[in-house]
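Quick caveat: nothing in here was measured; it's all calculated off a predicted structure. First the proteins, then the strands, lettered A, B, ... as listed; each starts at 1. What you see below is based on every heavy atom in this structure, not just the backbone, and it leaves out hydrogens, waters and symmetry mates.
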Amino acid sequence: MIRSHRSSAVSLELSPTLARAIRRKLLRWYDDHKRDLPWRSRSTDAYAQWVAEVMLQQTQVDTVIPYYERFLKRFPTVETLAAASLDDVLTLWQGLGYYRRAVNLHRGAGYVVRIGGMPRSSTCLQEIPGIGRYTAGAIASIAYGERVAAVDGNVARVLSRLFYIDSPVSDRDTQKRLWTTADHLRPRQRCGDFNQAWMDLGSAICTPNAPRCDLCPLIRECVGFQAGVAASLPVKTAKKTVPETHHVVAVVKSRGAYLITKRPTGGLWGGLWEFPNRSCPVESGAKTVLNSLLDCLGFDGATQPRRAGVLSHRLTHRLMHFETFVIQPSRRNGVGLDGDYSWAKTIELNERALSTASRKIFALANKLTHTQS
DNA sequence: AATGCGGGGAC
DNA sequence: GTCCCAGCATT
């Protein structure tokens, strides 16, 4: 019975014979179809693998590649990264998202240099901030040849189909089972290649939608395919509706430079620069909130704000609306503008770490300026 | 166990 | 529009 098969222990559904067949077929397929990716040309460089794996967290390969090339060119070694300023690291990271990754990478580089080099095992790698079980397994198996599993979204999808695992993939028990299954499948040799083979298979064949089962090297072993349910796996839990928030933004321009401020590290866009702004519960109250913001910045009512429009920006977990105003005061009479504030000309702005939302706000403000001038 | 954390590619 | 992506840290 299918059901009893599915609910049986891994050791029962994964016989040594089956495990051997899966290893052999997947590695053979990988030898013929592996992608040519930048980090694969330096697979023994644990630092290079670390950078790649962190960038690839929740981020697609094609998005990462140009960032990776720039990053490794600028910071070719962990020592060069440790010696850099966080601002410079974030500038290279801008647009890639999840900026805590860059902060942790920079912090981690300092840690690695202090302890005299990259940790040499999957377990020790997890002492580095931003490296969890998956990333540690990937780095250790690829760079060191350690025999350790690495279950990411790709592997979870392939394994859930291969073994018809239909409990919600985010559940703890499901995750535990996936890792246990991956542990059983680890080959004694080429574990790094094996881990990457899952990912290439998940990218090219065992895709989230409309998997190409006809091309899959594991079609004969795939219980999900045999049952005709491969495309509906893994089972994901419904997502909740994202909250909507409104904000007012002051793009203050004086003598060709713009007033920007640095966000505190930790939260959304932590450590990045942006134009002064405030949350605004109701859109209709924008003018009041703007005046309050300008007061705090030290720009009084003598400067006439001009409304540039509303910029909407969608994140995975939030929909944000920025009602944008341009202010051109006659004097830079701002008060309390400490180290977290700065004036930056357009060309300097391009070298600062700004969020994509801030870039879009800047474009909107510039459109107004050029239209009216 | 649930939530916060970006942005873009694919459909 | 929707879904999802080489996850991790925090609570």
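- Rounded to whole Å, atom C1' of C/dA9 lies 17 Å from atom CZ of A/Arg133.
- Across residues 33-48 of chain A, A/Arg35, A/Leu37, A/Trp39, A/Arg40 each have a non-hydrogen atom less than 4.0 Å from an atom of DNA chain C (numbered order).
- Going from atom CG of A/Leu27 over to atom CD1 of A/Ile22 covers 11.5 Å, rounded to the nearest 0.5 Å.
- Phosphate proximity of C/dC5 to A/Lys236: present, with a side-chain N or O under 4.0 Å from OP1 or OP2.
- As a whole-Å value, the separation of A/Asp152 CG from C/dC8 C1' is 14 Å.
- Cation-pi check for A/Arg70 over A/Tyr67 is met; the charged atom lies under 6.0 angstrom from the ring centroid and within 45 degrees of its normal.
- The distance between atom CZ of A/Arg157 and atom P of C/dA6, rounded to the nearest whole Å, is 7 Å.
- For the pair A/Gln126 and A/Glu53, nearest-nucleotide mapping onto DNA chain C gives the more 5' position to A/Glu53.
- Of the side-chain N and O atoms in A/Asn154, one or more sit less than 4.0 angstrom from OP1 or OP2 of C/dA6.
- Note that the CG atom of A/Leu14 and the CD atom of A/Glu221 stand 11.0 Å from one another [nearest 0.5 Å].
- Contact annotation: A/Arg172 does not reach the phosphate of B/dA2 (side-chain N/O to OP1 or OP2, under 4.0 Å).
- Contact annotation for A/Val54: no contact, since no heavy-atom pair falls under 4.0 Å across all strands.
- Relative ring orientation between A/Phe275 and A/Tyr258 is described as perpendicular, the plane-to-plane angle rising above 60° on a 0-90° scale split at 30° and 60°.
- A parallel orientation is assigned to the rings of A/His246 and A/His321, their planes being inclined by less than 30° (bins at 30° and 60°).
- Taking the six-membered ring where the residue is Trp, A/Trp198 and A/Phe194 present perpendicular rings, their angle passing 60° and hence far from 30°.
- What separates CD1 of A/Ile142 from P of C/dA6 is a distance of 13 Å, to the nearest Å.
- Considering A/Leu272, A/Leu90, A/Leu349, A/Thr91 as possible partners of A/Leu354, the one that fulfils the side chain to side chain contact (heavy atoms under 4.5 Å, CB included) test is A/Leu349.
- Using P as the reference atom, B/dG6 and C/dT10 are 15 Å apart when rounded to the nearest Å.
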request  = Going 5' to 3' through nucleotides 4-9 of chain B, assign each nucleotide B (protein heavy atom under 4.0 Å from a base atom), S (under 4.0 Å only from sugar-phosphate atoms) or - (no protein heavy atom that close).
outcome  = SBBBBB

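- Here the P atom of nucleotide C/dG7 and the CG atom of A/Leu56 are 8 Å apart, to the nearest Å.
- Comparing C/dA6 with B/dG4, their P atoms are spaced 24 Å from each other, to the whole Å.
- Within the model, atoms SG of A/Cys213 and CZ of A/Arg161 stand 7.0 Å from one another, a figure rounded to the nearest 0.5 Å.
- A/Thr261 has its side chain within reach of A/Glu274: a pair of non-hydrogen atoms, C-beta onward, lies under 4.5 Å apart.
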